[in-house]
Undergrad: 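Okay, here's the structure, questions in a sec.
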Amino acid sequence: MLSVQLISYGDPFTGLQVNEMPEPTPGANEVLVEVMARPINPSDLHFFQGNYGIKPPLPSPCGFEGMGRIVSAPQDSPLMPGQRVSFTGLGSWQQRICVPSSAVIPIPDEMNDATACQMFVNPCSAWAMLQELNLKPGQWLAMTAGGSTLCQMIVRLASQRGINTICVVRRKDQADYLKELGATEVVVTFGEGFAKRALEITDGRGVDAAIDAVGGFCGVEAINALATGGTMLVYGLLSGDNTPINNGQMIFKSLTVKGFWMTSWARSNSARYGSQMVSDVMNLLLDHRFEPRVEASYPLTQIHEAVRHSMKCGRMGKVLLV
């Protein structure tokens with residue numbers, strides 16, 4: 001079978017190869033899935049560079065989520081061959097994968113493949129972040145990289161819960177789309193002046209929480225936008241620059257800045273929140289108005305073209321491998 005393999009960390013255009021690999025053999029509690037679609041997420045790019053939370057020995061398979069049809073399942077499992085499923089597990093960028101039965105979710109017929117393959121990384125992260133922040137109706141949440149698929153999901157969920165959102169984007173067309181999804185306010189800027197604008201929007205109080213994927217100067221602006229007692233979740237570093245912290249501001253405004261990694265959150269919280277999270281995410285994605293956008297699809301054999309496209313600034317949707 002064809003498998004996208006990472007042979008060296010650093011540059012994905014030299015580190016990624018499409019190789020012929022042996023067919024995987026499922027273990028006792030695993031299902032074998034014929035993979036039909038997979039997204040390229042920012043976490044995949046960090047993985048290639050060796051900057052992700054896991055760094056397996058090389059060569060390594062790639063991809064953390066996808067969807068497909070079950071080829072085989074354990075005899076005592078309710079999962080059946082031929083069933084369409086969404087799954088999470090390292091190695092989705094290949095034609096077949098073995099994953100634990102617990103990492104598989106059956107997909108209803110009315111959900112298309114492009115949506116089903118994106119069910120875990122962004123929608124579940126969006127749900128978990130809002131759970132972590134525990135915001136109440138009427139409170140304010142600011143997001144950098146506001147045009148990303150993850151932030152689009154957060155806007156949808158927050159709007160349903162009566163939480164106000166401010167998205168920071170770089171282009172006007174992104175702003176129009178986010179407003180359609182339910183964003184309360186959208187600030188078009190490269191980061192500069194965002195904190196001032198957020199204070200104006202909130203009548204000088206500041207936002208109750210922020211979610212930052214950029215770091216650097218934009219991360220500083222997000223911290224400056226926080227109200228006293230505010231919290232910022234950090235889940236990315238798109239700028240490549242660390243966020244400098246003002247100690248006095250942290251002390252006298254009682255601010256909290258902490259990292260968020262969905263893998264770690266899931267380990268600690270799946271038993272408590274897993275079924276509710278899946279139910280809420282499924283209901284959200286079954287509303288066709290809220291299906292995540294797809295900009296382009298490529299076969300596995302065009303992995304370099306697909307990754308290059310996924311790295312373009314100003315994309316309006318995900319790049320998929322099909």
Side-chain angles (χ1 to χ4, degrees), residues 1-22 24 35 38-66 87-95 97-100 103 117-118 120-122 124-125 128-129 144-145 148-151 211-220 222 232-245 257-268 298-313 315 318-321:
M1 67 167 188
L2 293 180
S3 173
V4 176
Q5 298 276 305
L6 183 66
I7 60 169
S8 63
Y9 289 109
D11 182 355
F13 302 109
T14 58
L16 290 175
Q17 289 184 354
V18 181
N19 295 331
E20 189 70 35
M21 302 295 289
V35 188
R38 330 88 170 136
I40 300 178
N41 293 310
S43 54
D44 296 308
L45 303 179
H46 290 304
F47 177 73
F48 305 152
Q49 295 162 354
N51 297 326
Y52 195 59
I54 59 171
K55 193 174 181 179
L58 302 180
S60 170
C62 303
F64 294 109
E65 68 175 338
F87 66 87
T88 181
L90 178 61
S92 66
W93 293 8
Q94 53 193 29
Q95 291 179 309
I97 184 175
C98 294
V99 292
C117 78
Q118 301 183 64
F120 281 95
V121 170
N122 285 312
C124 290
S125 292
M129 285 179 174
T144 65
S148 67
T149 300
L150 174 61
C151 287
I211 296 175
D212 178 47
V214 179
F217 180 77
C218 199
V220 171
M232 185 166 85
L233 296 183
V234 178
Y235 73 97
L237 192 65
L238 293 175
S239 69
D241 297 323
N242 291 320
T243 302
I245 300 292
V257 178
K258 59 182 179 179
F260 179 91
W261 183 30
M262 185 59 196
T263 300
S264 178
W265 188 94
R267 288 195 195 108
S268 303
Y298 295 82
L300 291 178
T301 52
Q302 293 182 14
I303 183 59
H304 292 140
E305 293 89 337
V307 169
R308 185 174 288 108
H309 192 155
S310 75
M311 296 172 69
K312 286 182 180 178
C313 292
R315 278 188 299 105
K318 279 292 178 188
V319 175
L320 305 185
L321 295 168

Undergrad: As a quick check of understanding, evaluate side-chain contact (heavy atoms from CB on, under 4.5 Å) for Ile40 and Val307, giving each step before the final call.
TA: CA-CA 7 Å; Ile40 300 178; Val307 169; 4.3 Å; yes

Undergrad: Heavy atoms only: give me the nearest Val319-Ala306 pair and the separation to one decimal.
TA: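 Of all heavy-atom pairs spanning Val319 and Ala306, the closest is CG1-O, 3.7 Å.
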
Undergrad: So, do Asn41 and Gln118 sit near enough that their side-chain heavy atoms are less than 4.5 Å apart?
TA: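 No, every pair of side-chain atoms sits at 4.5 Å or beyond.
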
Undergrad: Please report the shortest heavy-atom distance between Phe120 and Ala103, naming the atom on each side.
TA: CZ-O, 3.9 Å

Undergrad: How long is the span from the OG atom in Ser310 to the CG atom in Leu45, to the nearest 0.5 Å?
TA: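 One gets 4.5 Å once the value is rounded to the nearest 0.5 Å.
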
Undergrad: With a 4.5 Å heavy-atom cut-off, do Pro39 and Val121 have their side chains touching?
TA: no

Undergrad: Is a side-chain N or O of His304 found less than 3.5 angstrom from the main chain of Leu16, in a donor-acceptor match?
TA: yes

Undergrad: Is a side-chain donor or acceptor of Asn19 paired with a backbone partner of Met21 at a separation under 3.5 angstrom?
TA: no

Undergrad: Check the pair Leu90 / Phe47 against side-chain contact (heavy atoms from CB on, under 4.5 Å), numbers first and verdict last.
TA: CA-CA 11 Å; Leu90 178 61; Phe47 177 73; 4.2 Å; yes

Undergrad: Just by distance, do the side chain of Arg38 and the backbone of Glu65 share a donor-acceptor pair under 3.5 Å?
TA: no

Undergrad: Hey, could you give me the CZ/CD1 distance between Phe260 and Ile211, rounded to the nearest 0.5 Å?
TA: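 So the gap between those two atoms works out to 8.5 Å.
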
Undergrad: Supply the atom-to-atom distance Ser43 OG to Trp261 CH2, rounded to the nearest 0.5 angstrom.
TA: 10.0 Å

Undergrad: Does some side-chain heavy atom of Pro24 sit less than 4.5 Å from a side-chain heavy atom of Met1?
TA: yes

Undergrad: Using modelled atom types and a 3.5 Å cut-off, is there a donor and acceptor pairing between side-chain atoms of Ser148 and backbone atoms of Ala145?
TA: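 The answer is yes, because a donor-acceptor pair under 3.5 Å joins these two groups.
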
Undergrad: So, taking the atom named CE in Met262 and the one named CG in Asn122, what distance separates them when rounded to the nearest 0.5 Å?
TA: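 If we round to the nearest 0.5 Å, Met262:CE and Asn122:CG are 10.5 Å apart.
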
Undergrad: Do Phe87 and Val35 have side chains that approach each other closer than 4.5 Å (heavy atoms only, starting at C-beta)?
TA: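 They are in side-chain contact.
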
Undergrad: Given Cys62 and Phe48, is the side-chain contact (heavy atoms from CB on, under 4.5 Å) satisfied, shown in steps?
TA: CA-CA 8 Å; Cys62 303; Phe48 305 152; 4.0 Å; yes

Undergrad: Indicate every side-chain donor-acceptor pair of residues 4-13 with a distance under 3.5 Å to a residue at least two apart or in another chain.
TA:
from: Gln5; atom 1: NE2; to: Ser3; atom 2: OG; distance (Å): 2.8
from: Tyr9; atom 1: OH; to: Pro56; atom 2: O; distance (Å): 2.6
from: Asp11; atom 1: OD1; to: Phe13; atom 2: N; distance (Å): 2.9

Undergrad: Where is the tightest heavy-atom contact between Gly91 and Pro61, given as atom of each residue plus distance?
TA: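 Looking at all heavy atoms of both residues, the shortest contact is CA-CB, 3.7 Å.
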
Undergrad: Could you tell me the separation between the OG atom of Ser92 and the CG atom of Asp44, rounded to the nearest 0.5 Å?
TA: 7.0 Å

Undergrad: Looking at every non-hydrogen atom in both residues, tell me the closest pair between Thr88 and Phe64 and how far apart they are.
TA: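 Result for this residue pair: OG1-O, 3.0 Å.
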
Undergrad: Output the distance between atom CG (Leu321) and atom CH2 (Trp93), rounded to the nearest 0.5 Å.
TA: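 That separation rounds to 5.5 Å.
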
Undergrad: Please examine the side chains of Thr243 and Val234, heavy atoms only from C-beta on, and report whether any two atoms are closer than 4.5 Å.
TA: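 In short, these two side chains do not touch, never coming nearer than 4.5 Å.
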
Undergrad: Donor-acceptor pair, distance only, cut-off 3.5 Å: does the side chain of Gln94 make one with the backbone of Leu2?
TA: no

